[in-house]
Visitor: 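Once you've had a glance at the structure underneath, I'll fire off some questions.
Computed from heavy atoms alone, side chains included, the values below leave out hydrogens, waters and symmetry copies.
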Amino acid sequence: MSDAPIELTIERLGQLGEGVASHEGRTVFVPGAFPGDRVRVRLEQEGRVLRGHLIGDVLEASPDRRASACALSARCGGCDWLELAEPAQRTAKQEIVLSALEHLGHVKRDAFAVRPLLVAPTDFGYRRRAVLHFLKDELVYFGRRSHDRVPVQVCPALVPALAALPGKLGPLLKPLSREAEEVHLLAEGKKAAFAVMLQGQVTSRHVEAAEAAVRALRLEGAALVPKEGSPRVLGKPVLRSLSPLRPEVPLFLRPDAFSQAHGEANVGLVTAAVHALAPRETDTVLELYSGNGNFTFPIAALAAQVLGVESSSVSVDLAQRAAREGGVGNVRFIQGDARKACDNLLREGRRFDLALVDPPRTGAPGLAKWLKSLGVRRVVYVACDPGALARDASGLVEAGYAPQALQVVDMFPQTHHVEAVMAFEAGA
C-alpha cells in the first residue's frame, strides 16, 4: 500500500462513529470526519480494516460540521461528535441502528415499525456518570481510539455537580493513584460521590486519602473496590433518585454500580421500554440484567409479578432496598449469571409471559432459546450497542420471534453511542 496521501469524500457514518468513504473498491474508515467532508488522509491497514488518518485541516467541510464547544475535543476520546450538528447526529444514529439490523442481523427494516427517534432533553452537561484514569496526580480520559491519557480539569459534558470534580479530586487521591485502575464519578442533583476500582486490596492509606477527599470536597461518600472481595464504603455514597414513571418508589445509585448516564433521557428510555412491553395485570415478567431496578418498578406497577436477574451484588442490594422502602411487594431479585438463572428456572418448570432484557455491550448470546423454553410471548430488548442488538435480534427471529417495533433513543448526545428499544412477538 502506498504511503502517499489521498483525498476522500465522506459518504456516511459507521457504527463506531467514524466517517466512511470508498477508495478503489474498498471501504475506508476515517475518525473525526463527517458525511460531506472532503479530507486528505494517510491510509493504514489495521487488521481487516482500512483506516484513513486525517492530515491537516478538512479540505472542504460538511454543511453539518461546526466548531467544537469543548477545548479537549481534539484529543479526548469521550465526545467524538462534538463537531457534528445535533440534527445530523440524530439522523445518523437512527440509520446506524437500522443498518446494523439489516446487514448484521439480516432483519429487514420494513419488517417492523420504526418510531421517530427520542431526542434527549439536554445536549450538553448531562452526564451524571464518568469513568476516569490516573496520570500521576491528575485524573484523565483516554484519547481517541487510544490509551493516550488526556488530563481534564473541567469537563463540560458532565452535570454541574461533577464538571469541576476531576481537577479537584485527582491531587487528593494521589496516595492511591498507583494502585487505582479507574475512578468512577456519580451525581444525582447536587450530590456527588466517587468510587475507586483498585488493582489489589484496600489499605489504610487508601481509606485515609478517600476520606480526606470526601471531607475536603463535601461529597456524600466513596466506595473503594478491591480486585477481590467486598467494597469498603466510606460515608454515604448511595445517592437517592426516583423511579421513572413511579416517583413514589426510590431508585438508589452508587458509583461502583451501573446506572444510565443521562438521567433525564432515562425517563424516555424507560417509557419506551414499558410501552413496548405492555404488561397486563395478570402477566408475569422476567427481567434479565435488571441492575438497580431502573425498569423493574415501572413494569411492576402494571404486571402481576416481576423477577429480576442481575449479576452485580451491589445492584441487587440497591434494588432490594428500593423495593423495601417503596413498599413494592410483587418484585423479586436473583443475583447471578443470566444464563445460569434461566437454566435453573427451566429446571424448576417456571413460565413467564413477558421478558425485558437489558444486556451489556456484548449482548446476550443464546438468549432466544431460553426465552422460548420459558414460554415468553413478548420480548423487549434494550440495547446499548447496535451490533449486539443485530446479532441477538437474528437469534430471536430464528427462534420464532417476529420483530414488531424499534425505538431509538438519543441517550448520549455529542457521541456515536446510542440506545435502542426493540420489541419481538412469538408466533406473530
Side-chain angles (χ1 to χ4, degrees), residues 12-17 80-81 86-121 123 126-127 244-245 258-278 287-291 294-295 298-299 338 354-365 367-368 371 378-397 401-425:
R12 58 185 175 86
L13 287 163
Q15 188 181 315
L16 298 179
D80 55 344
W81 281 5
E86 280 87 3
Q89 292 183 31
R90 294 163 189 156
T91 300
K93 288 180 181 186
Q94 188 96 330
E95 178 57 29
I96 284 169
V97 175
L98 289 168
S99 180
L101 284 165
E102 203 162 42
H103 295 108
L104 292 178
H106 308 292
V107 180
K108 293 185 178 180
R109 62 179 71 196
D110 60 0
F112 51 88
V114 180
R115 314 283 189 216
L117 179 138
L118 273 182
V119 176
D123 289 326
Y126 65 84
R127 291 191 69 98
L245 310 182
F258 176 79
S259 58
Q260 291 290 351
H262 198 315
E264 295 170 298
N266 180 53
V267 177
L269 179 71
V270 173
T271 301
V274 174
H275 175 76
L277 194 66
E287 185 186 357
L288 300 179
Y289 314 95
S290 55
N294 187 42
F295 297 98
I299 293 171
L354 312 174
L356 184 135
V357 187
D358 182 17
R361 292 194 184 282
T362 49
L367 167 76
L371 298 185
R378 184 181 306 124
V379 181
V380 169
Y381 189 110
V382 181
C384 60
D385 181 83
L389 169 63
R391 290 187 293 272
D392 289 339
S394 178
L396 286 163
V397 170
Y401 289 96
Q404 297 295 297
L406 172 72
Q407 175 72 71
V408 177
V409 184
D410 189 11
M411 290 284 288
F412 309 98
Q414 321 313 328
T415 82
H416 73 275
H417 298 292
V418 63
E419 204 89 10
V421 176
M422 195 165 186
F424 300 82
E425 194 88 19

Visitor: Does Y289 reach the side chain of P360, with side-chain heavy atoms less than 4.5 Å apart?
Guide: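 The answer is yes; the side chains approach within 4.5 Å.
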
Visitor: How long is the span from the CG atom in L118 to the NZ atom in K93, to the nearest 0.5 Å?
Guide: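 Result: 12.5 Å between the selected atoms.
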
Visitor: How far apart are the C-alpha atoms of F412 and R127, what are their side-chain angles, what is the distance that settles it, and do they pass the side-chain contact (heavy atoms from CB on, under 4.5 Å) test?
Guide: CA-CA 8 Å; F412 309 98; R127 291 191 69 98; 3.7 Å; yes

Visitor: A side-chain contact here means heavy atoms from C-beta on lying under 4.5 Å apart; do L269 and F295 qualify?
Guide: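 Result yes, sub-4.5 Å side-chain heavy-atom pair found.
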
Visitor: Just verifying a value: how many Å separate K108 NZ and L101 CG, rounded to the nearest 0.5 Å?
Guide: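 It is 14.0 Å, given to the nearest 0.5 Å.
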
Visitor: Let's go through L13 and W81 carefully: what are the C-alpha distance in whole Å and the side-chain angles of both, what is the deciding distance for side-chain contact (heavy atoms from CB on, under 4.5 Å) to 0.1 Å, and is it a yes or a no?
Guide: CA-CA 11 Å; L13 287 163; W81 281 5; 3.6 Å; yes

Visitor: Can you list the residues that meet the ring-ring contact (aromatic ring centres under 6.0 Å, His included) rule with F112, with sequence neighbours excluded?
Guide: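 ring-ring contact (aromatic ring centres under 6.0 Å, His included) list for F112, sorted by chain: empty.
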
Visitor: Can you tell if the side chain of N294 reaches within under 4.5 Å of the side chain of P244, non-hydrogen atoms only?
Guide: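 SC-SC contact between N294 and P244 confirmed.
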
Visitor: Evaluate V119 against R90 for side-chain contact (heavy atoms from CB on, under 4.5 Å), listing each step before the verdict.
Guide: CA-CA 8 Å; V119 176; R90 294 163 189 156; 3.4 Å; yes

Visitor: For Y126 and P413, work out which heavy atoms get closest and say how close.
Guide: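 Taking Y126 first and P413 second, the nearest heavy atoms are OH-O, 2.8 Å.
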
Visitor: Is T271 reaching over with its side chain to a backbone N or O of V267, donor-acceptor style, under 3.5 angstrom?
Guide: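 Pair found, side chain donor or acceptor close to backbone of V267.
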
Visitor: Rounded to the nearest 0.5 Å, how far apart are CZ of F258 and CG of D358?
Guide: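 Reported value, rounded in 0.5 Å steps: 6.5 Å.
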
Visitor: Below 4.5 Å, heavy atoms only, C-beta onward: do R361 and H417 meet side chain to side chain?
Guide: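 SC-SC contact between R361 and H417 confirmed.
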
Visitor: Heavy atoms only: give me the nearest P365-T362 pair and the separation to one decimal.
Guide: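 Shortest heavy-atom separation between P365 and T362 comes out as CD-O, 4.2 Å.
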
Visitor: Measure across V409 and A265 and return the closest heavy-atom pair with its distance rounded to 0.1 Å.
Guide: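 Scanning both residues completely, I find the closest heavy atoms to be CG1-O, 4.5 Å.
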
Visitor: Restricting to non-hydrogen atoms, name the atom on A278 and the atom on R378 that form the minimum distance, rounded to 0.1 Å.
Guide: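 Scanning both residues, the minimum pair turns out to be O-NH1, 3.6 Å.
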
Visitor: Yes or no on side-chain contact (heavy atoms from CB on, under 4.5 Å) for Q414 and E86, after CA distance, side-chain angles and deciding distance?
Guide: CA-CA 8 Å; Q414 321 313 328; E86 280 87 3; 2.9 Å; yes

Visitor: Looking only at heavy atoms, which two atoms of Y381 and D392 are closest? And how far apart?
Guide: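 So the minimum-distance heavy-atom pair works out to OH-OD2, 2.5 Å.
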
Visitor: Does H103 use its side chain to pair, donor to acceptor, with the backbone of S99 at less than 3.5 Å?
Guide: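 It does hold such a pair.
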
Visitor: Of the options V97, V114, V421, which is the one that meets V408 in a side chain to side chain contact (heavy atoms under 4.5 Å, CB included)?
Guide: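 Per the side chain to side chain contact (heavy atoms under 4.5 Å, CB included) rule, the option paired with V408 is V97, out of V97, V114, V421.
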
Visitor: Kindly indicate whether the side chain of P359, heavy atoms from C-beta on, has any atom under 4.5 Å from the side chain of L288.
Guide: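 The answer is no, as the side chains (C-beta and beyond) never meet within the 4.5 Å cut-off.
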
Visitor: Hey, could you give me each pair passing salt bridge (charged side-chain N to carboxylate O under 4.0 Å, His left out) that has a residue in residues 109-120? Not counting sequence neighbours.
Guide: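 For residues 109-120: E95-R109, E102-R109.
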
Visitor: Rounded to the nearest 0.5 Å, how far apart are CG of L117 and CD of Q94?
Guide: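 Output value for this atom pair is 5.0 Å.
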
Visitor: Going from CD1 on I299 to CG on L354, what distance comes out if it is rounded to the nearest 0.5 angstrom?
Guide: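 If we round to the nearest 0.5 Å, I299:CD1 and L354:CG are 8.5 Å apart.
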
Visitor: Are E425 and P403 close enough that some pair of their side-chain heavy atoms sits under 4.5 Å apart?
Guide: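 They are not in side-chain contact.
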
Visitor: I want to check something: taking the side chain as every heavy atom from C-beta on, are V274 and L356 in contact at a cut-off of under 4.5 Å?
Guide: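 SC-SC contact between V274 and L356 ruled out.
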
Visitor: Within a strict 4.5 Å, meaning less than it, do heavy atoms of the V357 and V382 side chains meet?
Guide: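 In short, these two side chains do not touch, never coming nearer than 4.5 Å.
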
Visitor: Measuring from L389:CG to E419:CD, what's the distance to the nearest 0.5 Å?
Guide: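 Interatomic distance, L389 CG to E419 CD, rounded to 0.5 Å: 10.5 Å.
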
Visitor: List the atom of E264, the atom of P121, and the distance in Å for their closest heavy-atom pair.
Guide: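 Minimum heavy-atom separation between E264 and P121: CB-CG, 3.7 Å.
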
